[in-house]
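Below: one structure, written as structure tokens.
Order of appearance sets the numbers: ligands from 1, and atoms from 1 within every ligand.
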Amino acid sequence: MNGKVWLVGAGPGDAELLTLKALRVIQACDVWLVDDLVGRDILEFARPGTRIVEVGKRGGCKSTPQDFILRLMARYARQGRQVARLKGGDPFIFGRGGEEWAWLAERGIEVEAVGGITAAFAAGTDLGLPLTHRGVARGVALVTAHTMDGSRPDWQGLAAANLTVVCYMGMSNVDVLADELMAAGFAPELPVAVVHRAGCADQRHIVSSLHTLAADVASSGLASPAVIVLGEVVRHACVVNTPATAARWQVA
Ligand code: SAH
């Protein structure tokens, strides 16, 4: 029997946000390769005898090299195993799912993907924040501030596009990010929400504006994993529960 690799989105970190399909698929797999951001309570759904390999930073060493993970998936699949590659959020949103699929397919290994709720959408839901609020935003752009080659999204284009922008992996240099955005034409008063561990029981968030973002992030102590939601839609957030910002912030 041929093995197969399933690229499974585990959602933002809470087992309840796993889809029924994801649950069915992972319970049918013999081997799980589990990323950092996957909720630990999800591991309790493994059938007895499942081999669980933690390939994220918490798994042991600093970070398991991507090469090693790829070869591990291939090895198990060639042994005829059903392999679940569990990733936080959705496997195709900043999750390397595309690269992994291509690499495996080139080697003749069967692959299938199961989608998950990506962090941006979990953040919107948590805050009652309509990312594409009618008449306010024409759409939503998911961007990353952190790339291997140091390149940036077209911030000027985005500033003019009337889209909600959700930034992943932006917390380590939030001051630089805010400066870049303002230099590109984003208004200093643009409302911004930062949502840490969206979709999880220990979610925390702040609402700020672009020019106060760096200071507010620093004083809140919020860190990765968090998404930064930029746009007028943030004014329409229904749940803003940070006392420190509530006094200053008036939801329109
Ligand atoms: N595939 C994932 C994203 C992986 S990139 C997804 O679809 O959500 C890792 C980045 O995702 C983090 O740096 C952070 O910006 C974001 N992220 C992941 N889980 C998150 C969560 N529960 N809350 C907020 N941001 C999260």
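- Screening Ile69, Val34, Val8, Val31 for a side chain to side chain contact (heavy atoms under 4.5 Å, CB included) involving Arg85 leaves a single residue, Ile69.
- Relative ring orientation between Trp155 and Phe186 is described as perpendicular, the plane-to-plane angle rising above 60° on a 0-90° scale split at 30° and 60°.
- The one candidate from Arg71, Arg51, Arg81 that meets the side-chain hydrogen bond (donor to acceptor under 3.5 Å, both in side chains) condition with Tyr76 is Arg51.
- Nearest protein heavy-atom contact of atom 2 (C) of ligand 1 is Gly88 O, 3.2 Å.
- Screening Val25, Ile26, Val111 for a side chain to side chain contact (heavy atoms under 4.5 Å, CB included) with Trp6, the sole residue that qualifies is Val25.
- Residue contact annotation: Lys87 has no non-hydrogen atom under 4.0 Å from ligand 1.
- The residue from Val227, Ile117, Thr144, Ile93 that puts a heavy atom closest to atom 1 (N) of ligand 1 is Ile93.
- When Ala120, Ala198, Ala119 are ranked by how near their heavy atoms come to atom 20 (C) of ligand 1, first place goes to Ala119.
- Proximity annotation for atom 14 (C) of ligand 1: of Gly170, Ala10, Ala226, Ala226 comes nearest, heavy atoms only.
- Those atoms of ligand 1 with a heavy atom of Val195 less than 4.0 angstrom away are 24 (C).
- In terms of protein heavy atoms, atom 5 (S) of ligand 1 is closest to Phe94 O, 3.5 Å.
- Leu7 contributes atom CG, which lies 10.0 Å from atom CG of Asp90 (distance to the nearest 0.5 angstrom).
- Summary of contacts: the protein heavy atom closest to atom 11 (O) of ligand 1 is Tyr168 CD2, 3.4 Å.
- Using a 4.5 Å cut-off between side-chain heavy atoms of Ile, Leu, Val, Met, Phe, Trp and Tyr, with links allowed through other members, Val176 and Ile228 fall into different hydrophobic clusters.
- Rounded to the nearest 0.5 Å, atoms OG1 (Thr50) and CG (Asp30) are 7.5 Å apart.
- Closest protein heavy atom to atom 10 (C) of ligand 1: Met169 CG, 3.8 Å.
- The closest heavy-atom contact to atom 7 (O) of ligand 1, among the options Leu37, Thr118, Asp14, Ile228, comes from Thr118.
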